[in-house]
Amino acid sequence: QVQLVELGGGLVQAGGSLRLSCEASGRIFSTNAMDWYRQAPGKQRELVAAFTSDGSGNYAASVKGRFTILRDRARIAVYLQMNSLKPEDTAVYYCHSNIGGRDYWGPGSHVTVSS
């Protein structure tokens, strides 16, 4: 019923910036929460950024101060601005939403940060 698609991944040098976007379609509404996860080779999938109750961002300690999550409710889209990228940020990044108790995931977008 719901489709999520990530765009904006790619290769970037350490210290550079990259912006990811996720647009949703189907049975999803602007009131549904959307957030970002990532998974690096040999590691578990982890939550990277989500919204708090007051609308501000909640971030993993490893990315706090460098990443920013933004939401466009009119387009039912969420964005992840990534600055000061490090090689440890290399991973597949996933857009996620929980709707009616079910988890929905985008296909993932590869981000590679070279040293």
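Computation of the quantities below employed the complete heavy-atom set of this structure, encompassing side-chain atoms and omitting hydrogens, waters and symmetry-equivalent molecules.
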Report, as yes or no, whether the 6.0 Å neighbourhood of atom CZ on Arg75 holds more than 12 heavy atoms from other residues, nucleotides or ligands.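 No, the 6.0 Å shell around CZ holds no more than 12 heavy atoms from other groups.
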Just checking Gln3: does its CD atom have more than 12 heavy atoms from other residues, nucleotides or ligands closer to it than 6.0 angstrom? no
Spacing of [X] atom [atom1] and [Y] atom [atom2] [to the nearest 0.5 Å]:
| X | Y | atom1 | atom2 | answer |
| --- | --- | --- | --- | --- |
| Ser17 | Arg66 | OG | CZ | 10.5 Å |
| Cys95 | Leu20 | SG | CG | 10.0 Å |
| Leu70 | Ser21 | CG | OG | 11.5 Å |
| Leu11 | His110 | CG | NE2 | 13.0 Å |
| Met82 | Leu18 | CE | CG | 4.5 Å |

Give me the atom names and distance for the closest heavy-atom approach of [X] to [Y].
| X | Y | answer |
| --- | --- | --- |
| Ile99 | Arg27 | CD1-O, 4.1 Å |
| Ala14 | Pro87 | CB-CD, 4.1 Å |
| Thr90 | Val113 | OG1-N, 2.9 Å |
| Ala24 | Leu4 | CB-CD2, 3.4 Å |

With a cut-off of under 6.0 Å to the ring centre and 45° to the axis, is Arg71 in cation-pi contact with Tyr79?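 No, Arg71 and Tyr79 do not form such a contact.
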Test applied, side-chain contact (heavy atoms from CB on, under 4.5 Å); reference residue, Val78; option that passes from Glu23, Glu6, Met34: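 So the option named by the test is Met34.
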If Ile, Leu, Val, Met, Phe, Trp and Tyr residues are connected whenever their side-chain heavy atoms lie under 4.5 Å apart, and connections chain through other members, are Phe67 and Val12 in the same group? yes
Any chance the side chains of Asn58 and Thr52 put a donor and an acceptor closer than 3.5 Å?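 Their side chains do not contain a donor-acceptor pair, so the 3.5 Å distance test is not met.
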Is any side-chain heavy atom of Thr68 closer than 4.5 Å to one of Tyr59? yes
Report the relative orientation of the aromatic rings in Tyr37 and Trp105; use parallel for angles under 30°, tilted for 30 to 60°, perpendicular for over 60°. perpendicular
